[in-house]
Amino acid sequence: MISALTDRVVLASISGVCPQAPPGMQQYQDQLVGWVKWAVIGLLSLGALVSLAGILVGRLFSQPHASRAGAMGLAVVVVCAILFVTILGVINGIVGSGC
């Protein structure tokens with residue numbers, strides 16, 4: 001009984017803590033996150049272009065395997081883009097925008 005009560009008190013005190021970067025680290029954290037976001041966006045764009053090129057080449061040269069691979073690649077890019085947006089939402093939900 002006492003253990004359950006102390007666990008609730010500890011959880012309540014932890015939930016009120018706001019995550020903050022150490023002094024002087026926020027600019028580096030923002031810079032790193034910005035680089036990661038741009039890298040992911042660039043890779044998604046590159047993957048979409050390569051997949052579309054595969055579909056086009058497969059259609060032009062009557063190669064159904066290339067078209068199929070391009071279509072699958074495009075589907076993977078779309079799923080990865082959805083996961084990227086979802087993961088950003090989850091991270092923002094955990095970290096929050098301040099207290």
Side-chain angles (χ1 to χ4, degrees):
M1 178 77 171
I2 293 175
S3 173
L5 183 59
T6 57
D7 288 343
R8 288 184 187 166
V9 169
V10 169
L11 286 176
S13 66
I14 291 174
S15 65
V17 175
C18 296
Q20 294 178 347
M25 288 299 296
Q26 188 65 43
Q27 73 180 25
Y28 299 116
Q29 177 184 350
D30 292 342
Q31 186 177 17
L32 181 65
V33 170
W35 286 350
V36 169
K37 283 182 181 181
W38 276 108
V40 170
I41 290 170
L43 289 173
L44 288 174
S45 300
L46 182 65
L49 288 174
V50 168
S51 296
L52 289 173
I55 293 171
L56 182 65
V57 166
R59 294 291 179 183
L60 287 176
F61 296 112
S62 299
Q63 295 180 348
H65 296 294
S67 294
R68 191 174 312 141
M72 286 300 298
L74 196 58
V76 168
V77 167
V78 169
V79 169
C80 288
I82 292 170
L83 288 174
F84 176 64
V85 172
T86 304
I87 289 170
L88 286 178
V90 168
I91 291 173
N92 285 336
I94 291 171
V95 175
S97 60
C99 293

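Values below: all heavy atoms of this structure, side chains included; hydrogens, waters and symmetry mates excluded.
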I need the [X] [atom1] to [Y] [atom2] distance, nearest 0.5 Å.
X: S67; Y: F61; atom1: OG; atom2: CZ; result: 11.5 Å
X: I82; Y: I87; atom1: CD1; atom2: CD1; result: 12.0 Å
X: L32; Y: M25; atom1: CG; atom2: CE; result: 9.0 Å
X: R68; Y: Q63; atom1: CZ; atom2: CD; result: 12.0 Å
X: I55; Y: L60; atom1: CD1; atom2: CG; result: 12.0 Å
X: L44; Y: L83; atom1: CG; atom2: CG; result: 10.0 Å

For a 4.5 angstrom cut-off between non-hydrogen side-chain atoms, does L52 reach L56?
no
Does L88 form a side-chain contact (heavy atoms from CB on, under 4.5 Å) with F84? I'd like the steps, not just the answer.
CA-CA 6 Å; L88 286 178; F84 176 64; 3.7 Å; yes
Check L74 against S51 and note the closest heavy-atom contact, atom names and distance.
N-OG, 3.3 Å
